[in-house]
Undergrad: 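My structure is below; once you've seen it, I'll send some questions.
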Amino acid sequence: MCEPNTKTNPSAEDKSTNSDDEIFLDANDEINIPEIYPDVIQVNNCSGRKFIDLKTLPTNSKPKRIINDSFIVDEPYELLPEGRQELPSRNPPTQISVWSIIKEFVGKDLTKVTLPVTLNEPTSALQRFPEVFTYPEPLKQMVQPNIDPISRLELIGAHYAISQSSHSYRFYKPFNPILGETYELRNDEKGFVFVSEQVSHHPPIAAMQFQLPNLRGYGSVQIHLKFWGNSCDAIVEGGWTYEFLDSNGNVETVITFATPVSTGRNIIFGNLWIEKHGTVPIINHTTGHKLFLTYKRKSWFSNRDLNAVEGVIVDKDGKELRYVYGHWTSEIWSCSPETYKRILNNPSLSKGPDSKLLVKAIAKLPNSALFFNMPKGTFAFNEFREGMYLPRTDVRYRPDVRCLEKGDLPAAAAEKHRLEEKQRAARRLREAKGQKWTPLWFEMNYNPYLKQDEWAFNYKYFQ
């Protein structure tokens, strides 16, 4: 069994849960960190924490600057703290037939279906978006004060596209977040913080916000998993808003974008693979520039478009200014419209004299296939670190995730079932009392750029 121990010091009053026993885990004496985290000294709720004041961060001496094909970067520049490079246990062996489990769900939304833990990886869906921070260099460049709007759109499109490479050959699904579940990442030295919360269960909606010096990003998304027999579509409904800030903290530029559709192919028959497809508009609401980035479907007759992306940047009058192209699994480039036409007309060409490499994919660790094909940064997402102060709703406390990490499938399955039943019981109790769930850290607000209501961070998380 996945045995807990008592490596925490829950001395502070827990102000991070709703009333009526509606936290996603049981009472504090049952929410302990397992023995696979022996180095933890203190993990409490977030009471007393302050939101990062970006103006008071220490100004360290600049590291050596290097120049590559894409942009000038300060090295090293890592947002995610260095962590473990493997999980406590390898992928657990399973002989279960996927078809025997999901054949009755053809045409249905799998987010509303209870699936066995053998189909999960030991992460929560709340932890998928912060994988974009594995690629910090484009983020660092897009916040530069004198960057032109074309280069900024190039970097946003390339950054989000290349971050999708973390999904390559990754076939286990993350756990569905429990209502009220949260996740936090932070690096105070870099002025970086990310917070997310599951604000709705039916429909499943997650709200997120991150902050860097001169950049604030936020969004709320609803994920649909449509199963079609030998394929499954992951459709993300909702968008992201990036607010670029000047030196005084005022919003200078606003850019919004959406997420492509992810499709798992050959789930039952053939070699399983992931395809991204759809056109994503990336819009600069301040200058009127737009990037229409298309994730291309694989052709029946050629592999030329396999994992390919291409898009055009236009100004407010629709004039073509720059093309972005490449493969979300390897590298993303940009070039002039004239150069891109020559590339299209000559399949042997991959770049021209004015082509610029924007970003390259980071190779997965050699042992990745033994650990759910996770990317390097994700291995450390569930680690507890010395000095952390987390609410009891943080993903790191989920016992089913912890047990699956440790390779204890029976315990993971039992804990998953217990949490799901606890969530159903809490919902029935709320309905009997005529109550509605109220998220703690996000509130409904109108987004004038997306022209829709969405969940916005209320900044109470660090009060």
Side-chain angles (χ1 to χ4, degrees), residues 13-28 30-31 45-47 49 51 108-115 124-129 174-184 194-210 218-225 235-241 390-395 397-401 415-463:
E13 180 184 357
D14 190 355
K15 300 178 181 178
S16 60
T17 62
N18 276 298
S19 58
D20 297 327
D21 195 32
E22 291 177 348
I23 57 175
F24 81 97
L25 296 176
D26 279 345
N28 284 352
E30 295 183 36
I31 312 174
N45 70 318
C46 58
S47 178
R49 298 283 306 268
F51 194 76
K108 296 182 179 179
D109 188 344
L110 292 185
T111 59
K112 301 177 181 179
V113 174
T114 300
L115 296 174
S124 166
L126 293 183
Q127 296 170 308
R128 278 298 173 97
F129 180 77
F175 283 83
N176 292 337
I178 300 296
L179 183 61
E181 184 174 313
T182 60
Y183 186 62
E184 173 193 327
F194 169 88
V195 177
S196 60
E197 179 181 10
Q198 188 74 4
V199 296
S200 173
H201 185 61
H202 290 300
I205 300 175
M208 310 175 192
Q209 172 151 322
F210 73 88
Y218 52 88
S220 54
V221 298
Q222 177 180 348
I223 300 177
H224 305 273
L225 295 177
I235 304 168
V236 180
E237 181 181 325
W240 300 99
T241 302
L390 299 169
R392 294 294 182 178
T393 49
D394 194 273
V395 174
Y397 282 116
R398 280 194 63 158
D400 48 359
V401 172
E415 289 294 342
K416 179 174 181 289
H417 176 73
R418 181 180 66 82
L419 294 181
E420 291 169 346
E421 289 300 312
K422 180 181 176 67
Q423 182 170 231
R424 295 185 184 103
R427 185 184 69 247
R428 289 191 295 267
L429 181 60
R430 288 195 304 273
E431 291 174 350
K433 293 181 178 181
Q435 298 175 343
K436 291 185 178 181
W437 174 266
T438 301
L440 288 172
W441 316 124
F442 291 81
E443 299 171 356
M444 188 62 72
N445 197 14
Y446 181 72
N447 186 321
Y449 311 108
L450 298 177
K451 294 181 171 55
Q452 64 184 28
D453 290 331
E454 68 174 11
W455 293 94
F457 194 53
N458 59 20
Y459 290 91
K460 296 178 181 179
Y461 185 87
F462 292 97
Q463 293 178 358

Undergrad: Is Glu421 paired with Arg424 through a side-chain N to carboxylate O contact shorter than 4.0 Å?
TA: yes

Undergrad: Using 0.5 Å steps for rounding, measure from the CH2 atom of Trp455 to the CD atom of Glu443.
TA: 8.5 Å

Undergrad: Once you round to the nearest 0.5 Å, how far does CG of Leu419 lie from CD of Gln423?
TA: 8.5 Å

Undergrad: Checking Ser124 now: which residues fulfil side-chain hydrogen bond (donor to acceptor under 3.5 Å, both in side chains) with it, not counting sequence neighbours?
TA: Glu181

Undergrad: Could you tell me which residues satisfy side chain to side chain contact (heavy atoms under 4.5 Å, CB included) with Ala456, sequence neighbours excluded, listed by chain and number?
TA: Asn445

Undergrad: Do side-chain atoms of Asn176 reach the backbone of Ala125 as a donor and acceptor pair under 3.5 angstrom?
TA: no

Undergrad: So which heavy atom on Arg430 is nearest to which on Leu179, and how close?
TA: NH2-CD2, 3.6 Å

Undergrad: Just wondering, do Trp441 and Asn458 contact through their side chains at under 4.5 Å, heavy atoms?
TA: yes

Undergrad: Which label fits Phe457 and Phe442: parallel for a plane angle under 30°, tilted from 30 to 60°, or perpendicular past 60°?
TA: tilted

Undergrad: Would you say the side chain of Tyr459 lies within less than 4.5 Å of the side chain of Gln209, judging by non-hydrogen atoms?
TA: yes

Undergrad: I'd like to know if Arg428 and Glu431 make a salt bridge, using a cut-off of under 4.0 Å between side-chain N and carboxylate O.
TA: no

Undergrad: For Gly219 and Glu454, work out which heavy atoms get closest and say how close.
TA: CA-OE1, 4.3 Å

Undergrad: Mind checking the CZ-CZ spacing from Phe194 to Phe129? Nearest 0.5 Å is all I need.
TA: 6.5 Å

Undergrad: Please check if any side-chain donor atom of Glu197 sits under 3.5 Å from a side-chain acceptor atom of Tyr461, or the reverse.
TA: no

